[in-house]
Structure formats: C-alpha cells, structure tokens
Amino acid sequence: MNIFRLAGDMTHLMSVLVLLLKIHTIKSCAGISLKTQELYALVFATRYLDIFTDFISVYNTIMKLIFLGSSFSIVWYMRRHKLVRRSYDKEQDTFRHFFLVLPCLLLALVMNEKFTFKEVMWAFSLYLEAVAILPQLVLLQRTKNIDNLTGQYVFLLGAYRAFYIFNWIYRYFTEPHYVHWITWISGLVQTLLYADFFYYYFNSWKNNVKLHLPA
Amino acid sequence: EECIHVKDEL
C-alpha cells in the first residue's frame, strides 16, 4: 500500500459517502444519473467476484463490502424509495447504458489477462468503470444548475482515479514486473473523461461562481 | 510461466 493508493481509496470512499449523505439526508437525487449508479454497481459486482475466495487483507475486504453495499443501496434508493425516486430526473437521464456495457464485454472477451471467467469479468469491470461516468456527465450538461454535493461527488470520483495513476507509476518504479496495461489504459481513459469537468469545476471554484457546464 | 497478477487493488 502506498500513499497515492490510500489517498485514492479514501477519495473514492468520500465520493460514495457524499452521495449517500445527499440521498439519505435531503432525500433527493436531483442531478444524479441512475444509469451511472447502476453501471457502478455492475462494476463492483464483476470486479469483486473474488471477495470471498481470495483474501488480500482486512482493509481490502472491508472496502469491497463498503463499495458493494453503497453502490447497490444507492441504486435501491433511487429506484424504490418513494421520496428519493420522485426527485429522479427520468426524462433527462436517457443515456442508453446498454451501449456501454456491450462494447466493454466484447472488449473484455478479446483483451484480458487470461481467458477465464474471473479474468474476463475483471477486465470487463475495468473497461466499464472507465466509461461508467458518461451518463452522469451527459446529465450534468443537460441540467443547468449543478448543486454543490453533485459537483463534489463527480469531482471526488474523478480525483480518486487520478490518485491511482500516481499509485501505478509509483508501483511500476518500486516493484519488479509490475506491468498491467489493462488497468493502466482503462484508468487513464477514465481520468481523461473527467478532464473537461475538472476544467469547469476548477474555474467555477476559482471565480467563485456556480458550476455550470456549457451545453 | 504467465503470471496472473494478484488483484490487490480495489
């Protein structure tokens, strides 16, 4: 474990807690894309298949349980909770996430470390995580006023993967044969997708104006 | 032999 990875995991944890806080306390999911939340639940479900078979560390297992539990409970809140679901913007959140899942699955069948179910699922989860934010970014473009919690949620979600890139660089230089192209390329693509959001988020913070993305 | 790397990251 290195400081970059710990920072990444804590930032990722904070993004999930910010979202749960928003949904649980003010009972609103305005501006949040259910599609992205469902994609994240699928990412964790396919990545943590080995949660009960390969024990890495207590930390690893606890964090996996937190990410699985929070992502599925957020989807449940947005689908089932009578108050929260009322604030869900169904008309605007129309990104057909099936068109993200299928290419990632096909790519995982071709590009994987080993053609086994677990390895293909693991590669699929990495490709899917890279693009899972797209429905959320599209929704942000459409909904003019982005409230602070939603902006912070997306920012933290992007920042966590950026920390992971520093973690991979660090591990590449400190651990022999630490080379994982699938993880690196997916993580880089994922972070680049946030680039324009970061640009507008930083500017809105610098000029102390409300965050809004150009149409 | 082809080493499958341990998935120790989240």
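The model shown is predicted, which means the values in this text are computed figures rather than measured ones. First the proteins, then the strands, lettered A, B, ... as listed; each starts at 1.
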Discussion item. For A:Tyr199, I'd like to know if atom OH has over 12 heavy atoms of other residues, nucleotides or ligands within 6.0 Å.
Written reply: no

Fill in: Contact origin within A:Asn60 toward chain B - heavy atom pairs under 4.5 Å
both

Worksheet item: If you draw a 6.0 Å radius around CZ in A:Phe166, do more than 12 non-hydrogen atoms from other residues or ligands fall strictly inside?
Response: no

Item to complete: Identify whether the distance between the nearest side-chain nitrogen and carboxylate oxygen of A:Arg171 and B:Glu9 falls below 4.0 Å.
Response: yes

Worksheet item: Under 4.5 Å between any side-chain heavy atoms of B:Val6 and A:Asp54, yes or no?
Response: no

Worksheet entry | For B:Lys7, the option from A:Glu119, A:Lys118, A:Arg47 that meets side chain to side chain contact (heavy atoms under 4.5 Å, CB included) | A:Glu119

Discussion item. Taking atom OH as the centre, does A:Tyr172 end up with more than 12 heavy-atom neighbours from other residues, nucleotides or ligands that are less than 6.0 angstrom away?
Written reply: no

Worksheet item: Of all of A:Met1, A:Met63, A:His12, A:Arg5, which one pairs up most often with chain B through heavy atoms under 4.5 Å apart?
Response: A:Arg5

Worksheet item: Checking heavy atoms, do the side chain of A:Asn167, its backbone, both or neither come under 4.5 Å from chain B?
Response: side chain

Worksheet item: Which bit of A:Phe44 comes within less than 4.5 Å of chain B, counting heavy atoms only: side chain, backbone, both or neither?
Response: neither

Worksheet item: Has A:Trp205 got more than 12 heavy atoms of other residues, nucleotides or ligands less than 6.0 Å from its CH2?
Response: no

Fill in: Nearest non-hydrogen partners of B:Leu10 and A:Tyr164, listed with the distance
N-OH, 3.5 Å

Discussion item. Counting only heavy atoms not in A:Phe95 (residues, nucleotides, ligands), do more than 12 fall under 6.0 Å from its CZ?
Written reply: yes

Worksheet item: Is atom CZ of A:Phe173 surrounded by more than 12 heavy atoms (other residues, nucleotides or ligands) closer than 6.0 Å?
Response: no

